[in-house]
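Please read the structure below before turning to the comments.
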Amino acid sequence: MGNLYSVLKEKLNTIEVNGKKLYVAEGDTLLDDDQLKIYAEVREKENEARAAAKKADEQGFGTAKLEVSHGLIAMTKDGKVIRWRPGTVLSYRVVQSSFRSQQEYQMVVDNLKAATGDWERTCGVDFQHRADLDGLPGTDPAGCLFVVFLQEAGGSVIASSFFPSDPPDRRHMLIDPTYFTTSFDKVGVLRHELGHVLGFRHEHIRNDAPPVCPNEPLWDTQVLSVYDPKSVMHYFCGGVGSHDLQITDLDRKGARMVYGPPLAAAAMVE
Amino acid sequence: MDRYETIIASIPGLARKLEAAGVDEWLDRQRTVTIEGQTFFLLGDRRATKAEAMLWFADERGLVGPEEMRAADAAQPLPSDVEGVEIDSRKGDK
């Protein structure tokens, strides 16, 4: 077994689920010891392949992909891309009583403000935080389009959201307690989850992504731009992706195909 | 019956294939979260109902083809504030 296994075993965070120690890889992937060995082995082989390709490039006999591969992936239904109807205000409330402290609640409120603002500057969507409803008990949306709350998920996810096609009673954004300790950019995690809210699927499920990245069904998807390993919708897997989960130029291009330019920009033109 | 239960029911023989392929044992191994009394399966950061999780399994094992899934899904209604639009991704930015 290579050195990476030992390094990961020492460095990765661990959680205990049903009495079993699990390693948390790539933010939201849980691995037992056997899986960690395989994971490390695959990563080492990929790193070796990348190093060999780089060396070949440096010696002038590298290869280049000539075909255009296809970035942001949208959900589809009956061949059409699914989106919120124009004019829909994506209102939300953050259930204050679900958080363990005022600081945690405030962090999520502030980070959601930053993340929703990033999407509003990217394409024609309008989020609205109904802070006046945050103090209501329970997880009912209370008239908002979706509701955000802390939910213990055993560390198996940092956060989890929903798609536009999900029924209205499933419009929940869950924040796991690990959100507050993750090494990923916390605003970035919410940018990613809000990307799902807008109907965008994971970037790493495309054929161009490293094989070690998790697969998902592709039957209800449409690619919107070229594969983007730095996409906000890409997990950190197989040595690609990013910890800050920024909205890239390709993400912007794809999002504008679905939602048009930012509403503030459109208002200025009018 | 949710959208995904309807899809499973509308694809002939799929329920039987799922059972034969060991979907129940696979479901037992998945992580779950319970929200307002409803159990969801955590597939990456996706919270899936049992039927949706079963369709992921069916896709992964090749028990159903993409065309069959699309045809079965086409009849399912979208929420009233959501729409489907035709987008030609070859045309680029709007």
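The sequence lines fix the lettering, A, B, ..., with proteins before strands; numbering per chain opens at 1.
Residue with the most contacts toward chain A among B:Arg47, B:Gln38, B:Arg70: B:Arg47 (heavy-atom pairs, distance under 4.5 Å). Of the listed residues A:Met75, A:Lys80, A:Arg85, the one with more heavy-atom pairs under 4.5 angstrom with chain B than any other is A:Arg85. Most heavy-atom pairs under 4.5 Å with chain B: of the set A:Asp220, A:Leu218, A:Asp166, this distinction falls to A:Asp166. With chain B as the partner, the residue from A:Pro167, A:Gly79, A:Ser161, A:Pro168 showing the most heavy-atom pairs under 4.5 Å is A:Ser161. For the options B:Glu36, B:Arg3, B:Arg46, heavy-atom pairs under 4.5 Å to chain A are most numerous at B:Arg46. Ranking A:Thr139, A:Asp140, A:Leu174 against chain B, the residue ahead of the rest is A:Leu174, based on heavy-atom pairs under 4.5 Å.
Looking at A:Arg171, only its side chain comes within 4.5 Å of chain B, counting heavy atoms on both sides. Proximity to chain B (any heavy atom under 4.5 Å) is shown, for A:Asp176, by neither the backbone nor the side chain. Contact of A:Glu152 with chain B is made through the backbone alone, with heavy-atom distances under 4.5 Å. B:Glu60 does not touch chain A: none of its heavy atoms, backbone or side chain, sits under 4.5 Å away. When heavy atoms are compared at a cutoff of 4.5 Å, B:Val82 approaches chain A by way of both its backbone and its side chain. Both the backbone and the side chain of A:Ser165 come within less than 4.5 Å of a heavy atom of chain B. Neither the backbone nor the side chain of B:Thr32 has a heavy atom closer than 4.5 Å to any heavy atom of chain A. There is no contact between B:Ala72 and chain A, counting heavy-atom distances below 4.5 Å. The parts of A:His172 that come within reach of chain B are both its backbone and its side chain, each placing non-hydrogen atoms under 4.5 angstrom from that chain.
Listed for the A:Tyr179 side chain is a donor-acceptor partner under 3.5 Å among the backbone atoms of A:Lys186. Side-chain atoms of A:Tyr259 come within 3.5 Å of backbone atoms of A:Leu198 as a donor-acceptor pair (strictly under, hydrogens ignored). A:Trp84 places no side-chain N or O within donor-acceptor distance of the main-chain N or O of B:Asp81, the cut-off being under 3.5 Å. A donor-acceptor pair under 3.5 Å is formed between the side chain of B:Gln30 and the backbone N or O of B:Trp26. In this structure, the side chain of A:Ser242 engages the main chain of A:Leu245 through a donor-acceptor pair within 3.5 Å. Between the side chain of A:Lys77 and the backbone N or O of B:Gln76, at least one donor-acceptor pair lies under 3.5 Å.
Taking 4.0 Å as the cut-off between side-chain N and carboxylate O, A:Arg252 and A:Asp228 do not count as a salt-bridged pair.
Nearest approach of A:Ile73 to A:Thr221, heavy atoms of both residues: CG2-CB, 3.4 Å. Nearest heavy atom pair, residue B:Ile87 against residue A:Leu224, reads CG2-CD2, 4.2 Å. Across all their heavy atoms, A:Asp251 and A:Leu72 have their closest contact at O-CD2, 3.1 Å.
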### Query
Can you check side-chain contact (heavy atoms from CB on, under 4.5 Å) on A:Tyr92 and A:Val197, steps first, answer last?
CA-CA 11 Å; A:Tyr92 63 93; A:Val197 171; over 6 Å; no
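Heavy-atom proximity under 4.5 angstrom to chain B picks out A:Leu145, A:Phe149, A:Gln151 from residues 143-151 of chain A.
Ring planes of A:His243 and A:Phe184: parallel class, angle under 30° (limits at 30 and 60°).
Side-chain N/O atoms of A:His202 and A:His196 include a donor and acceptor closer than 3.5 Å.
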